[in-house]
Number of protein chains: 2
Amino acid sequence: MEGKIVERWGMLEIALPGRREGNPFTDYSMQGVFEGERETVSVEGFYDGDGIWRVRFMPSWPGEYRYTVSGTFAEETVSGSFLVTEAAPDNHGPVRTAGTFHFSYADGVPFYPLGTTCYVWHLQDDARVAQTLETLRASGFNKLRFCVLPKHYDYNLHEPRAYPFEGTPMDSSVLTPENFWQYDGHSEGNHFDFTRPNPAYFRHLERCILELRDLGIECDLIMMHPYDRWGFSCMGREADDLYWRYCIARLAAFRNVWWSLANEYDLMRDKTEADWEHYAELLQRRDPYGHLRSIHNCGPFYDHSRPWITHCSIQRQELYRSAELTQDWRERYRKPVVLDEIAYEGDIQHGWGNITGEEMLRRFWEAAVRGGYPGHGETYLREDGVLWWSHGGTLRGESWKRVRFLLSVLRDVPGHGLRYCPAEWDSVCGVPEDSAAAERTGFRLYYYSFMRPSYRVFHLDEETPWRVEVLDTWNMTVTDLGVHRGRFTVPLGGRQFMAVRIRKAEE
Amino acid sequence: MEGKIVERWGMLEIALPGRREGNPFTDYSMQGVFEGERETVSVEGFYDGDGIWRVRFMPSWPGEYRYTVSGTFAEETVSGSFLVTEAAPDNHGPVRTAGTFHFSYADGVPFYPLGTTCYVWHLQDDARVAQTLETLRASGFNKLRFCVLPKHYDYNLHEPRAYPFEGTPMDSSVLTPENFWQYDGHSEGNHFDFTRPNPAYFRHLERCILELRDLGIECDLIMMHPYDRWGFSCMGREADDLYWRYCIARLAAFRNVWWSLANEYDLMRDKTEADWEHYAELLQRRDPYGHLRSIHNCGPFYDHSRPWITHCSIQRQELYRSAELTQDWRERYRKPVVLDEIAYEGDIQHGWGNITGEEMLRRFWEAAVRGGYPGHGETYLREDGVLWWSHGGTLRGESWKRVRFLLSVLRDVPGHGLRYCPAEWDSVCGVPEDSAAAERTGFRLYYYSFMRPSYRVFHLDEETPWRVEVLDTWNMTVTDLGVHRGRFTVPLGGRQFMAVRIRKAEE
């Protein structure tokens, strides 16, 4: 390994031959200690099959590092050194929370998460995986929410491309759209050995994470979920611990990983709050990089005020109001609010999966102007049964096309991020979170949502010269109306989804 | 008057010459007592100008009646008799509440109020008044909400065609869209004698009420409101009492009159709760027919549980939810819920007046399926400054065209009216209010609102043959899907604003 070079927030991997007798996943240990000038990090290695053991490290600083790898996996301890260079221009490090309500990369560049969901895109065939990546490349999304484990649910009853553990599944030919919900993790006919992860399954997952990293997309990895017919949702504490440790050992060194403990944790009948707190504790102890951590609800929120939770990962709880409550959640939890499910644009039978593109985009803006971060998803019925929300593939809706425009508006906000400013009963007003930036720039963004004002009248003060712009969030246009003082009227065309952006004119 | 014939719920008027010296409106009295086999009614008469006094009576029963008219207005008491015939087929009498949550005419025919608002349509010129009546004739509306008194507000700054009292107004040439709100009932320059109503003003109002009656339209008369620059909103208790007595004497005998004590009572700074309770008491004492009574809010509701309030007249209190709360209001007040303002379809600058036709219709259905009665209004900007909400004229929106279809759906509900039945989280289900009718027919109406299911699956039971219909509430179609048993799928086309109507098939 001598002379190896890795960039800051890149990944150094040390692969060594080791024991393969018995059950290498449980019978032996592997530790790596990585020591640089500014950090010493101790991590667990993992068995990757075929007698190969690996240990991974993500350096947080440039400079000279030394390492020592030891454990019962091999006879001897191995040591060495490597050089960490400065990060490449497109590598900003892992995403952290910034201030109370926002995110930035480790290098301080603000990160405005505007994500989408494809629960098991990586478990589709190679052509579909490639297609999904191509679709993501063309989209404005910078976060993807997906499951580590296979998913069993309506429109997704086929077998995954592989299983995370050695074994064989129940006969899925018995499944129909009518009876699938009768099968769960306790279904009979599965024969999996939860003490033997399938390395190939995880290697594929890692390739997908790397592909996303290279697209600038954060991976919001859902570690557990209830939509299961193979038994992965109810393996028991000991097997769960092995699973968590194995995942952390393999995945924590990828800079674009976020940990979502669960999708719809409250539907996982076999898990208790003590379980979640235990996994959280395990994660905090074993992930030396402190990747972002949250847990996603179906009904009641998990208590997002728990210290280990870095941000709220919210599924809206009401049919009619969703993103409109963003500022309430911010105040309740005093953490960044990510609305990971505010319904899906689509036309399936379920109310959570059949809103219009207009309504999805409206929810995006409602959330964003209130200082939260909305998430997208698509559930259009297709003849081939491929739904973006589950499989990836291509996007066919309307809202996704408009996400990049919102991102450009967020990037333009002075300082870092917006907060809701109650200004008028019939608009949503966002101002810079940073009060100095707000004061200096007078920046404010008024959003009119479903309303259709032909015009609005402003009278902010008498003296200030205000730069006024009209944003059509649907047609993605910004119209500069020039500089105005005192009382002025802004024409808005009597259309939905309009916004007005005002800031002090530069003299 | 001998030999005069009037139909049941028609109006008998006795006009007599009387005193005109001094102030006839305050200096003399006139009472009429009307006695039939099943009722004896005592009412106050009124001075109609030019030395003519009138007293009016609406008989509730057919048969022979006698009357006596007395008072200081004339030297002599006058007596006589008249015959009340059965009502004509299109005369069902005044509207009453029916059961806890609904309305019917006095003859028992259900009345499903689907109204609109034109605050001062009757105070426009004759051509506009005629145009409004023609528009109403072509619409499906069966209730019109409007003000007795003139209105001063944005888009309605011109003078009314007449004033309700003798006198002269302030100079309105000073008004602009920017400054109008600085003028209110306390504005200077008005010289009205609140002790001298203008009979011609009220005669015109009555002609309008009769025109509406002949169109089958109930008049939801707003007696007081805050949008005033002439002083009518703050005349003081004594003048208010005269106004109320004069209005009741003139208007109570019209069968299609409802009393709305106020529009946005809470914005009338000169009125206290004691005032409203006083007017209510006066109204109960002096209106012998017990016309419907309510009072409309801007912000907080009046306490609709007060015994004198026959139904809730609601302005929605939130920007995002309105009709979706109908069942909550029903439960809170245990009275019929009329949503007299759920925003206006239009494109003016105010958030209360710029929703789409689709959103208006959606709110109509949300309210109706939940067992309430929605109200319409339109505020489209026009070059000529004529907005339906204030002036009447013509309708140019989309929602009004679809009201008759909703009415036909309500009339088809077994029994009388709907109630909300929590059935699924992602649809709104209404069932017949009458539990016997609900049981007998199995009728249920599922509404999908803004959602776009391509299909829905039903499995109500195994045996019952169900008649299934798909309703497109926007395109106003009913598609009969025939009879189904057990589990069945209903195609819905992936469109918004769809509904499914199911009832037991007649064998």
Side-chain angles (χ1 to χ4, degrees), chain A residues 154 177-179 298-299 317-325 343-360 362-363 366 379-382 397 424-428 448-459 486-487 489-498, chain B residues 154 177-179 298-299 317-325 343-360 362-363 366 379-382 397 424-428 448-459 486-487 489-498:
Chain A
D154 212 0
E178 289 76 46
N179 75 5
C298 176
Q317 297 178 308
E318 300 181 17
L319 188 56
Y320 295 96
R321 294 185 303 179
S322 57
E324 297 79 11
L325 302 172
Y344 295 89
E345 179 183 343
D347 60 6
I348 60 171
Q349 75 272 39
H350 304 296
W352 52 258
N354 55 26
I355 66 171
T356 63
E358 288 87 346
E359 176 64 8
M360 178 62 102
R362 193 189 69 76
R363 294 181 188 196
E366 290 276 358
T379 44
Y380 281 102
L381 279 183
R382 287 166 47 128
E424 305 166 319
W425 76 276
D426 57 352
S427 69
V428 187
Y448 301 104
S449 194
F450 60 86
M451 291 164 281
R452 299 185 299 175
S454 286
Y455 64 92
R456 296 285 284 192
V457 175
F458 293 85
H459 195 164
R487 188 177 194 278
T489 297
V490 176
L492 286 160
R495 295 196 298 282
Q496 292 186 103
F497 317 126
M498 302 297 287
Chain B
D154 211 1
E178 289 77 46
N179 74 4
C298 176
Q317 298 177 306
E318 301 180 17
L319 188 57
Y320 295 97
R321 294 184 304 180
S322 56
E324 296 80 11
L325 302 171
Y344 295 88
E345 179 184 343
D347 59 6
I348 61 170
Q349 75 271 40
H350 305 296
W352 51 259
N354 56 24
I355 66 171
T356 63
E358 287 87 346
E359 176 63 8
M360 178 62 102
R362 192 189 69 75
R363 294 181 188 197
E366 290 275 359
T379 44
Y380 281 102
L381 280 184
R382 287 167 47 129
E424 304 166 319
W425 77 277
D426 57 352
S427 69
V428 187
Y448 301 103
S449 194
F450 59 87
M451 290 164 283
R452 301 184 298 175
S454 285
Y455 64 91
R456 296 286 283 192
V457 175
F458 293 85
H459 196 165
R487 188 178 193 280
T489 297
V490 176
L492 286 161
R495 294 196 298 282
Q496 292 188 103
F497 317 127
M498 302 297 286

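By convention in this document, chain letters (A, B, ...) are assigned in the order of the sequence lines, proteins followed by strands, and residues within each chain are numbered from 1.
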field: Greatest number of heavy atom pairs closer than 4.5 Å to chain B - which of A/Arg495, A/Gln496, A/Glu366, A/His459
entry: A/Glu366
query: Side chain, backbone, both or neither: which part of B/Leu381 has a non-hydrogen atom closer than 4.5 Å to chain A?
result: side chain
- prompt: With distance as the sole test, does A/Asp426 use its side chain to make a donor-acceptor pair with the main-chain N or O of B/Gly351 at under 3.5 Å?
  reply: yes
- request: Examine whether an atom of A/Thr489 lies under 4.5 Å from a heavy atom of chain B, and if so say whether it belongs to the side chain, the backbone or both; otherwise answer neither.
  value: neither
statement: On a heavy-atom basis, the closest approach of A/Gly346 and B/Arg452 is O-NH2, 3.0 Å
- request: Please look at A/Val490 and chain B and tell me whether the side chain, the backbone, both or neither of the residue comes under 4.5 angstrom of a heavy atom of that chain.
  value: neither
query: Once you round to the nearest 0.5 Å, how far does CG of A/Asp347 lie from CE of B/Met451?
result: 14.0 Å
Among the listed options A/Arg487, A/Glu359, A/His350, the residue most often paired with chain B at heavy-atom distances under 4.5 Å: A/Arg487
field: Contacting moiety of A/Tyr448, where chain B heavy atoms sit under 4.5 Å
entry: neither
task: Please report the closest heavy-atom contact between A/Phe450 and B/Arg363, naming both atoms and the distance.
output: CE1-NH2, 3.6 Å
message: Using side-chain heavy atoms (C-beta onward) and a distance below 4.5 Å, is A/Trp425 in contact with B/Leu319?
response: yes
field: Region of A/Ile355 that comes under 4.5 Å of a non-hydrogen atom in chain B
entry: both
message: Assess, by modelled atom type and distance only, whether the side chains of B/Tyr320 and A/Glu318 contain a donor and an acceptor separated by less than 3.5 Å.
response: no
